[in-house]
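All values below were derived from every heavy atom in this structure, side-chain atoms included, with hydrogens, water molecules and symmetry-related copies excluded.
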Amino acid sequence: MINKKYMKKAIVSAVALGIVGYGAIVYAVHKEDVNLANKRLDALSLHNIDDLSAQAMRLLAEKGCADCHTLNSPLPFYAKVPGVKQTMQVDIDKANQSFELAPVVQAVEHHQAVSQVALAKLEFVIDNNSMPIPKYLAIHWPSGYLNSSDRQLLLDWIMHQRQQYYPNPTAAPII
């Protein structure tokens, strides 16, 4: 018969090892997220655009939105792990079918209107707190989580875009 004391130590050790392993994975992924975000930030051309738009574009780059919502986005080092790449590719394909971020960034960089459809999609996921998806946040929570001030910044930017490019002269002014 198995000693209860030994079994308890084994279970506690396995749980502790699992927690340490999860922490190590999250740490390594976070470091890669920061690296990819810095590359995206360096590639942004945010010259002569308003501060709110610049902040919104930086936030979308830093939070990893482009990881899934940009076609041919560079994959992180861990995408080479068998099974991981396939899972990621399915998620990326599905994400790009729903929303592509590159046209939004290009419009902002070129001082053009972001499409009303893109603004509505962004507003919907922010209002419903449906992005990033829980599966992504399970590993990317240190760098991918949008807090309430991040969400408000994006909503303010969406409102700013609408006021700038899609004014409604029949609507009551925002007070």
Side-chain angles (χ1 to χ4, degrees), residues 7-44 46 52-106 108 114-115 117-159:
M7 184 61 94
K8 185 177 178 181
K9 284 183 181 182
I11 290 171
V12 169
S13 296
V15 169
L17 185 60
I19 291 170
V20 169
Y22 173 73
I25 290 169
V26 168
Y27 176 79
V29 167
H30 174 67
K31 288 301 222 181
E32 182 70 3
D33 287 347
V34 169
N35 182 36
L36 288 173
N38 286 335
K39 287 179 183 177
R40 282 200 178 86
L41 288 168
D42 290 344
L44 286 176
L46 302 177
L52 185 58
S53 293
Q55 288 178 36
M57 294 305 100
R58 282 189 203 102
L59 181 67
L60 293 171
E62 290 169 353
K63 296 301 179 177
C65 302
D67 291 348
C68 296
H69 292 282
T70 302
L71 293 171
N72 302 317
S73 181
L75 295 176
F77 73 88
Y78 51 86
K80 294 178 180 142
V81 176
V84 173
K85 181 177 183 177
Q86 291 79 3
T87 301
M88 288 174 61
Q89 195 59 56
V90 167
D91 290 344
I92 290 168
D93 291 344
K94 190 175 182 180
N96 277 295
Q97 289 173 357
S98 300
F99 182 76
E100 191 178 346
L101 188 59
V104 172
V105 174
Q106 288 171 353
V108 171
V114 173
S115 81
V117 172
L119 294 173
K121 286 181 176 185
L122 283 168
E123 184 177 39
F124 179 84
V125 299
I126 293 165
D127 283 343
N128 291 289
N129 201 19
S130 56
M131 279 286 139
I133 61 173
K135 183 172 154 181
Y136 182 85
L137 282 177
I139 300 296
H140 299 269
W141 56 265
S143 50
Y145 177 73
L146 292 171
N147 62 35
S148 60
S149 64
D150 295 336
R151 291 179 185 286
Q152 190 58 55
L153 177 107
L154 291 173
L155 290 172
D156 290 347
W157 172 75
I158 291 167
M159 185 186 328

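Here salt bridge (charged side-chain N to carboxylate O under 4.0 Å, His left out) pairs that include residues 123-144, with residues two or more places apart or in two chains, are Asp91-Lys135, Glu123-Arg162. Applying the side chain to side chain donor-acceptor pair (under 3.5 Å) test to every pair with at least one member in residues 10-32, sequence neighbours left out, gives these pairs: Tyr22-Trp141.
Annotation: side chain of Val81 is not in contact with side chain of Met88 (no heavy-atom distance under 4.5 Å). In this structure, Leu75 and Ile92 have side chains that are in contact, with non-hydrogen atoms separated by less than 4.5 Å. Side-chain contact between Gln55 and Leu59: absent, with no pair of heavy atoms (C-beta onward) separated by less than 4.5 Å. Residues Phe99 and Leu122 are in side-chain contact: their nearest non-hydrogen atoms beyond the backbone lie under 4.5 Å apart. Looking at heavy atoms from C-beta onward, Lys39 lies in side-chain contact with Asn35 at the 4.5 angstrom threshold. Put simply, the side chain of Leu60 reaches to within 4.5 Å of the side chain of Met57, judged on heavy atoms.
Of all non-hydrogen atoms in Arg40 and Ala61, the two that sit nearest each other are CB-CB, 4.1 Å. Summarising the geometry of Cys68 relative to Ala95, their closest heavy-atom pair is O-CB, 3.4 Å, with the distance given to 0.1 Å. Annotation for Ser115 and Ala118: closest pair OG-N, 3.0 Å, computed over non-hydrogen atoms. Contact detail for Asp67 and Tyr136: the closest heavy-atom pair is OD2-OH, 3.1 Å. Among all heavy-atom pairs drawn from Glu100 and Val104, the shortest one is O-CG2, 4.3 Å. Across all non-hydrogen atoms, the minimal contact from Phe124 to Asn128 is O-ND2, 2.8 Å.
Surrounding CG of Asn72 are at most 12 heavy atoms belonging to other residues, nucleotides or ligands under 6.0 Å away.
Judged purely by atom type and a 3.5 angstrom limit, His69 has no side-chain atom pairing as donor or acceptor with the backbone of Leu101. Between the side chain of Lys63 and the backbone N or O of Pro132 there is no donor-acceptor pair closer than 3.5 Å.
Going from atom NZ of Lys121 over to atom OG of Ser98 covers 6.5 Å, rounded to the nearest 0.5 Å. In this structure, CZ in Arg151 is found 5.0 Å from CG in Leu146, a value given to the nearest 0.5 Å.
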message: Determine whether Val90 and Gln86 satisfy the following criterion, side chain to side chain contact (heavy atoms under 4.5 Å, CB included), listing intermediate values before the conclusion.
response: CA-CA 6 Å; Val90 167; Gln86 291 79 3; 5.7 Å; no
- request: Give the intermediate values and the outcome of side-chain hydrogen bond (donor to acceptor under 3.5 Å, both in side chains) for residues Asp93 and Gln97.
  value: CA-CA 6 Å; Asp93 291 344; Gln97 289 173 357; over 6 Å; no
Enumerate donor-acceptor pairs with a distance under 3.5 Å from any side-chain N or O in residues 152-159 to protein atoms, sequence neighbours excluded.
from: Gln152; atom 1: NE2; to: Asp156; atom 2: OD1; distance (Å): 2.8
from: Trp157; atom 1: NE1; to: Ser53; atom 2: OG; distance (Å): 3.1

